[in-house]
**Q** 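Before we start, here is the structure in question, set down as C-alpha cells.
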Number of protein chains: 2
Amino acid sequence: MRLSAKAEYGVRAMAVLAFYYRGGPVSLRAIAEQEEISLKFLEQIFPDLRRAGLIHSVRGSRGGYMLSRSPGNIKVGDIVRAVEGPITPVSCLSESGEEPCCHRKGDCLTRQVWEKLRDRINDVLDEVFLSELIDLKPAEILK
Amino acid sequence: MRLSAKAEYGVRAMAVLAFYYRGGPVSLRAIAEQEEISLKFLEQIFPDLRRAGLIHSVRGSRGGYMLSRSPGNIKVGDIVRAVEGPITPVSCLSESGEEPCCHRKGDCLTRQVWEKLRDRINDVLDEVFLSELIDLKPAEILK
DNA sequence: CTAATCCCGACAAAAAGACTCGGGTATTGT
DNA sequence: ACAATACCCGAGTCTTTTTGTCGGGATTAG
C-alpha cells in the first residue's frame, strides 16, 4: 500500500510551484535543488502534470513551469492521479484489465470492499488542496 | 497504490475459512483449489496470519486451519496488516526508516496529508468484518 | 507404516520502481 | 548570430519488490 516516489515528488514539486505562484516560471533545476530531487527524474514527472493540465511550461532560457490554476483549485488527488494513473487498490478494479476479482459468479462481496477502499482513498486525496501545503498565511496567497 | 496479491489472497482465503467456521479444519489444498491460488504461495501467507493470531493450525493428516475467533470479530484490516505489515503510504511514515518526509525543518505539512491518508485507509479496512464477506444469510452464520 | 498435512528456508523468475543517459528543440540574453 | 538555458523525449540500466517455486522436515490420523 505504497504511493510511488513519483507521486511523492510530484506533490512536493507542485508545492514549490504553489509557493512561487504568479512569480514567473520556476525551472526544474531550482525545484530539484530546493527539494533535493534528481533533475532527470523530475523531467520525467512534469510531462505527466502538464498533460493533466495542472501546469504549463515556458520553454527556452529563463523558462520553467507554473501552475495553470490557483493553488486553491488544485487537489493533491489531481497530482497523484496525474502521475500514477487512477487509484486501483487491486488489479480487478483496473478498467483495462477487467479480470474478475475472485472467480465467484455473481456479485463478489470482496470486490465491494476494494471499491469502497478506492473511493475513500480518492476522497482523502481530494480533500486537500495545494494551498494547504504551503507555509503561508492565508493573506499571503495570491488568488 | 496497490494492495499486494498476498493481501488479496489472504482475504479470500480467510473468507473461505469463515464460510466453514466450526466445520473442522480446512486444508490449504482445499482453499487453493476452491480459490484457484497456488498452494505453495498460500503456504507462505498462512504463517503470517497465524502469527497475527487470526487462525490456528491443526497439524498432521486431516489437519488444516481454522479461524481463532468468529468471523464477526475479524476485520479485513487485521488480515491485510497481518500479511503486509502496517499501512505506510510513503516511506517517511514507516517506523523503522524514520527518514524525513521532505527536508523541510519543523512540521512538514505534506506529512500530515500522508498521515491522514494512512489513517483513513486503516479506517476503511477496519470497518468491514469477515462475516460480511461470506454469502450467507445472517441466521446461517455460526456464532 | 503411510499418506496427508502443516512448516520452514532458500532460491528464482518476473515485474515494477527509480532513476540515468544522451541527445533534440525552443527561447532568450548578449 | 551565438551560446546558454530550459524544456522535451525515448531508451537503457540498476535495484528492489513481488510472486512465486522447490525440496525437504515435522506431525498426526488411520
Side-chain angles (χ1 to χ4, degrees), chain A residues 1-13 16-17 20 24-33 35-52 54-66 68 80 83-85 88-91 94 96-97 99, chain B residues 1-10 12-13 17 20 24-33 35-52 54-68 80 83-85 88-92 94 96-97 99:
Chain A
M1 221 48 198
R2 276 271 170 100
L3 232 45
S4 68
K6 280 178 76 169
E8 210 181 319
Y9 293 166
V11 171
R12 277 165 59 191
V16 174
L17 289 192
Y20 296 113
V26 182
S27 73
L28 280 193
R29 178 180 306 274
I31 298 174
E33 280 169 9
E35 291 293 322
E36 291 175 17
I37 299 172
S38 151
L39 172 61
K40 277 300 192 178
F41 198 29
L42 276 182
E43 278 187 342
Q44 198 172 350
I45 296 170
F46 270 65
D48 292 332
L49 297 169
R50 188 170 48 84
R51 274 187 284 270
L54 301 177
I55 56 179
H56 63 87
S57 59
V58 179
R59 302 183 65 156
S61 183
R62 298 275 177 168
Y65 291 94
M66 51 215 318
S68 57
V80 171
V83 299
E84 288 216 327
T88 53
V90 297
S91 55
S94 70
S96 57
E99 31 184 341
Chain B
M1 222 45 198
R2 276 271 170 100
L3 230 45
S4 67
K6 280 178 76 169
E8 208 181 320
Y9 292 168
R12 277 165 59 192
L17 289 192
Y20 295 113
V26 182
S27 74
L28 281 191
R29 177 179 307 274
I31 298 174
E33 280 169 8
E35 292 293 322
E36 291 174 19
I37 300 172
S38 148
L39 171 62
K40 279 299 193 177
F41 198 28
L42 276 182
E43 279 188 342
Q44 197 173 350
I45 296 170
F46 269 66
D48 292 332
L49 298 170
R50 189 169 47 84
R51 274 188 283 271
L54 301 177
I55 54 178
H56 63 87
S57 59
V58 179
R59 302 182 65 157
S61 183
R62 297 277 176 162
Y65 291 94
M66 51 215 320
L67 297 184
S68 58
V80 171
V83 300
E84 288 215 330
T88 55
V90 298
S91 55
C92 67
S94 70
S96 57
E99 32 185 340

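Letters A, B, ... are given to chains in the order of the sequence lines, protein chains preceding strands, and every chain is numbered from 1. What you are looking at is a predicted structure, and each value in this text was computed from that prediction instead of being measured.
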**Q** Can you identify which nucleotide, out of C:dC8, C:dC21, D:dG20, has its nearest atom closest to the B:Glu43 side chain?
**A**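 When the side chain of B:Glu43 is considered, C:dC8 is the closest of C:dC8, C:dC21, D:dG20.
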**Q** Which is more 5' along DNA chain C, the nucleotide nearest A:Ser4 or the one nearest A:Gly60? Just name the residue.
**A**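 The residue closer to the strand's 5' end, by nearest nucleotide, is A:Ser4.
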**Q** Just checking A:Arg2: base, sugar-phosphate only, or nothing, at a heavy-atom cut-off of under 4.0 Å?
**A**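 Here A:Arg2 touches no strand at all.
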**Q** Would you mind telling me which of D:dG20, C:dC8, D:dC9 lies closest to the side-chain atoms of B:Gln44?
**A**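 Of D:dG20, C:dC8, D:dC9, D:dG20 is nearest to the side chain of B:Gln44.
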**Q** With the side chain of B:Arg59 defined as its heavy atoms from C-beta on, choose the nearest nucleotide among D:dA26, D:dC9, C:dT5.
**A**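 Within the option list, the nearest is D:dA26.
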**Q** Any N or O donor-acceptor pair linking the side chain of B:Lys40 to the base of D:dG23 at under 3.5 Å?
**A**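 For B:Lys40, whose side chain was compared with the base of D:dG23, there is a donor-acceptor pair (under 3.5 Å).
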**Q** Which part of the nucleic acid, if any, lies within contact of B:Phe46, taking any heavy atom under 4.0 Å across all strands shown: a base, the sugar-phosphate backbone alone, or nothing?
**A**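 Nothing: the residue B:Phe46, judged by heavy atoms under 4.0 Å, touches no strand.
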**Q** Please verify the inter-ring angle class for B:Phe41 with B:Tyr9; under 30° counts as parallel, over 60° as perpendicular, anything in between as tilted.
**A**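 Plane angle over 60°, so perpendicular.
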**Q** So which nucleotide from C:dG29, C:dA4, C:dT20 ends up closest to the side chain of A:Arg62?
**A**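 Of the options given, the side chain of A:Arg62 lies nearest C:dG29.
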**Q** Kindly point out which of D:dA29, C:dT27, C:dC6 is positioned nearest to the side chain of B:Ser27?
**A**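 Shortest atom-to-atom distance from the side chain points to C:dC6.
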**Q** Report for the helix from C:dC1-D:dG30 to C:dT30-D:dA1: angle between first-end and last-end helix axes, five pairs each, rounded to 10 degrees.
**A**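 The end-segment axes of the helix from C:dC1-D:dG30 to C:dT30-D:dA1 are tilted 10° relative to each other.
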**Q** Please determine whether a side-chain nitrogen or oxygen atom of A:Arg50 lies at a distance below 4.0 Å from atom OP1 or OP2 of D:dC9.
**A**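 So the side chain of A:Arg50 is within the cut-off, an N or O lying under 4.0 Å from OP1 or OP2 of D:dC9.
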**Q** Given atom CZ of A:Phe41 and atom C1' of C:dC19, what is their separation to the nearest angstrom?
**A**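 Taking atom C1' of C:dC19 as the reference, CZ of A:Phe41 is at 6 Å.
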